[in-house]
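This report concerns only the one structure given below.
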Amino acid sequence: ELFRVPQQQPRPVWGPAPGGELAGPEVKPRRQAPAEPAEPRGTVFDTADAARKASEQPRTDLVLVLGDDYAAPLAQGLADAFVADRPQAAVLARSRPDSGLLPDSAVDLVTQAPALANAEGATAVVLFAGAADLRPIKTDSGPAEVLDDRWREIYTRRLDELLAALKAQGRPAVVVGLPPAADARISARNQRYNELVQARVEQAGLLYADVWDGFVDENGKFLMWGPAVDGQRRRLRTADGLGFTRAGGRKLAFFVDRVLGKLLNGGAAGPGAPATAAGTPAAGSGPPSIIQLTGAGADGAAQTLAGAAGAMPRLPGEDPAARLLVAGEPLPMVKGRTDDFRWQPDGADAAPTTAPAAAGAGAGTGTATPAASGATAP
C-alpha cells in the first residue's frame with residue numbers, strides 16, 4: 001500500500017456537451033502584456049480658426065504645409081513633433097495629389113500658395129511638391145519633355161515667381177526636396193529635379209530642406225526600413241516605394257524642423273524672419289523640442305550628446321547628431337571612456353622629460369646634441 005502508485009486522473013476529453021455545444025476543460029485566459037504607451041499624435045488642422053478653437057493657449061506659430069501627396073505625411077510628422085512641447089504651434093495643411101507648379105496643374109501652387117499663406121496668417125510656409133510636376137509640359141510648339149532645356153526654362157520661371165511672392169510676404173518659407181524612390185530611374189530623376197530647385201531656392205534667399213540622406217543607406221541605396229527618430233528600426237516607406245508611413249513622416253519632419261525649428265524658437269533669423277531693432281531674431285517661448293536637441297538647437301548647431309568628451313566631429317554640410325540618431329552611426333571613440341578598447345602603451349600619457357635640441361644644434365657635425373632640462377650644452 002505504501003508503494004502503490006496513485007492512479008492518474010483521466011484527462012478531460014473534448015466532446016459534445018448536453019446542450020450541443022463543444023465542451024472541454026476550463027482554460028484560464030492568458031495574462032496580456034501591458035500595452036506600450038502610444039506615441040503622441042498631433043492634430044493637423046485645415047484652417048487657423050480651427051487650430052485656435054482647439055486650444056486654450058494662444059497659437060503664435062502657425063506652420064502651413066502645402067503640396068501634393070508628400071505634404072500630408074510631412075504635416076502629420078510635424079504635428080506629432082510639436083504636440084509634446086510646442087503647445088503654441090499648430091500645423092495647417094493643404095495637400096492634393098494634383099497640386100503643382102505646372103501651368104496645367106489642377107491646383108496651381110504658384111498662385112494658390114501665397115494667397116493661402118496670407119489668408120491664414122501663417123507664421124511660416126513649408127512647400128513639399130514636385131512629384132506631380134515631373135511630366136511633359138504642353139506648349140504651342142509641342143510638349144517640353146521632363147527636365148530638358150525647354151522644360152527647365154518654363155519650370156524655373158514659375159518657381160521663381162512663387163519664391164518671389166512668398167519672400168515678398170516677409171515670412172519664412174521652406175522648400176523640401178524630393179525623396180528617393182524604390183525605382184532607381186525615379187530616384188535619378190528626383191535628384192536632377194532637386195538640383196534645379198535647390199539652386200533657385202538658395203538664389204532667392206529662402207530655405208531648402210534636403211531629406212534625401214534620411215531614406216538611403218550608407219551606400220546611397222533606397223531604404224524601405226531604417227532608423228526612425230526614436231532610434232528604432234522601423235518601416236519608413238509604403239509598399240509602392242513612394243509614399244511614407246507614419247514613422248517616415250516623422251522622419252521627414254526631423255529634417256524640416258532642423259531648418260524651420262530655429263526660426264520658430266527665436267534662433268538664427270532666416271529670410272523673412274521677424275527681427276528686433278538690433279537685428280537679432282525675436283525671442284521665442286517654450287522649451288526646445290526633442291527634435292531640436294537632435295538637430296537644430298537654439299542657435300542652429302547640434303548639441304553635444306551625453307557621453308562625449310567634446311563636440312562630435314562634423315563633416316562638411318552634415319549634422320553629427322543627425323548621423324547618430326538618423327543614420328544610426330555610433331558615437332566617436334572617446335579616450336578613457338569604458339568603451340575605448342584601444343591599447344595604450346605604458347607611459348603613453350607621460351609628459352616628455354627632455355626637450356628636443358634647439359634648431360640648428362649640432363649643425364655641421366652630423367650629430368644632434370639634445371640639451372637636458374636645466375643642463376648646459378658643452
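Everything numeric in this text was worked out from a predicted model, so none of it was measured.
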Determine whether Tyr155 and Ile186 fall in the same hydrophobic cluster, where Ile, Leu, Val, Met, Phe, Trp and Tyr are linked whenever their side-chain heavy atoms lie under 4.5 Å apart. yes
Can you confirm whether Asp240 is buried at CG, in the sense that more than 12 heavy atoms of other residues, nucleotides or ligands lie under 6.0 Å from that atom? yes
State plainly whether one hydrophobic cluster holds both Leu134 and Phe128, where clusters connect Ile, Leu, Val, Met, Phe, Trp and Tyr through side-chain heavy atoms under 4.5 angstrom apart. yes
Residue pair Gln191, Glu195: steps toward the side chain to side chain donor-acceptor pair (under 3.5 Å) verdict: CA-CA 6 Å; Gln191 280 186 311; Glu195 292 172 359; over 6 Å; no
Considering only NZ, NE, NH1 and NH2 on the basic side and carboxylate oxygens on the acidic side, decide whether Arg86 and Asp257 come within less than 4.0 Å. yes
Taking Arg171 for its side chain and Ala122 for its backbone only, find out whether a donor-acceptor pair lies under 3.5 Å. yes
Is a side-chain N or O of Asp68 found less than 3.5 angstrom from the main chain of Arg96, in a donor-acceptor match? no
Taking Asn190 for the side chain and Pro180 for the main chain, is one N or O donor matched with an acceptor at less than 3.5 Å? no
CH2 of Trp225 to CZ of Phe215, rounded to nearest 0.5 Å, is 14.5 Å
Would you mind checking if Asp160 and Arg200 are paired as a salt bridge, meaning a charged N to carboxylate O distance below 4.0 Å? yes
Counting N and O atoms only, with roles assigned by atom type, does the side chain of Thr238 sit under 3.5 Å from a partner on the main chain of Gly243, one being a donor and the other an acceptor? yes
Counting only N and O atoms by type, is there a donor-acceptor contact under 3.5 Å from the side chain of Ser105 to the main-chain atoms of Leu102? yes
Check this for me, if you would: do Arg152 and Asp149 make a salt bridge, where the nitrogen-to-carboxylate-oxygen distance has to be below 4.0 angstrom? no
Is Leu162 close to Leu101 at the side-chain level, that is, under 4.5 Å between some pair of heavy atoms? yes
Can you tell me if Gln169 uses its side chain to pair, donor with acceptor, with the backbone of Pro114 under 3.5 Å? yes
Please check if atom CG in Asp140 has more than 12 non-hydrogen atoms from other residues, nucleotides or ligands closer than 6.0 Å. no
Pair Tyr70 and Phe244, ring centroids less than 6.0 Å apart: yes
Rounded to the nearest 0.5 angstrom, the OG1-CE distance for Thr245 and Met224 is 10.0 Å
When you check the gap from the basic side-chain N to the acidic O, do Asp148 and Arg150 get nearer than 4.0 Å? no
Shared hydrophobic cluster, Val126 / Leu116 (ILVMFWY, side-chain heavy atoms < 4.5 Å): yes
Lys251 bridged to Asp230 by N-O distance under 4.0 Å: no
Taking all atoms of both residues into account, what is the closest heavy-atom pair of Phe45 and Ala54, and its distance? CE2-CB, 3.6 Å
Within the distance-only criterion (no hydrogens, no angle test), does the side chain of Arg59 pair as donor or acceptor with the backbone N or O of Ala89 below 3.5 angstrom? yes
Look at Asp80 together with Arg246 and state whether they make a salt bridge at an N to O cut-off of under 4.0 Å. yes
Under a single-linkage definition using a 4.5 Å side-chain heavy-atom cutoff for Ile, Leu, Val, Met, Phe, Trp and Tyr, are Leu223 and Leu178 assigned to the same hydrophobic cluster? no
Calculate, to the nearest 0.5 Å, the distance between atoms CG and CG belonging to Leu159 and Leu196 respectively. 7.0 Å
Sidechain N-carboxylate O distance under 4.0 Å for Arg94, Glu120: yes
Side-chain donor or acceptor of Lys167 paired with backbone N/O of Ala204 under 3.5 Å: yes
Checking Ser187 side chain against Ala181 main chain: does a donor-acceptor pair fall under 3.5 Å? yes
In Å and rounded to the nearest 0.5 Å, what is the CD1 to NZ distance from Ile154 to Lys138? 13.0 Å
CG/Leu207 to CG/Leu127 distance, rounded to the nearest 0.5 angstrom? 12.5 Å
Treating Ile, Leu, Val, Met, Phe, Trp and Tyr as nodes and any side-chain heavy-atom pair under 4.5 angstrom as an edge, say whether Tyr208 and Val125 lie in one connected cluster. yes
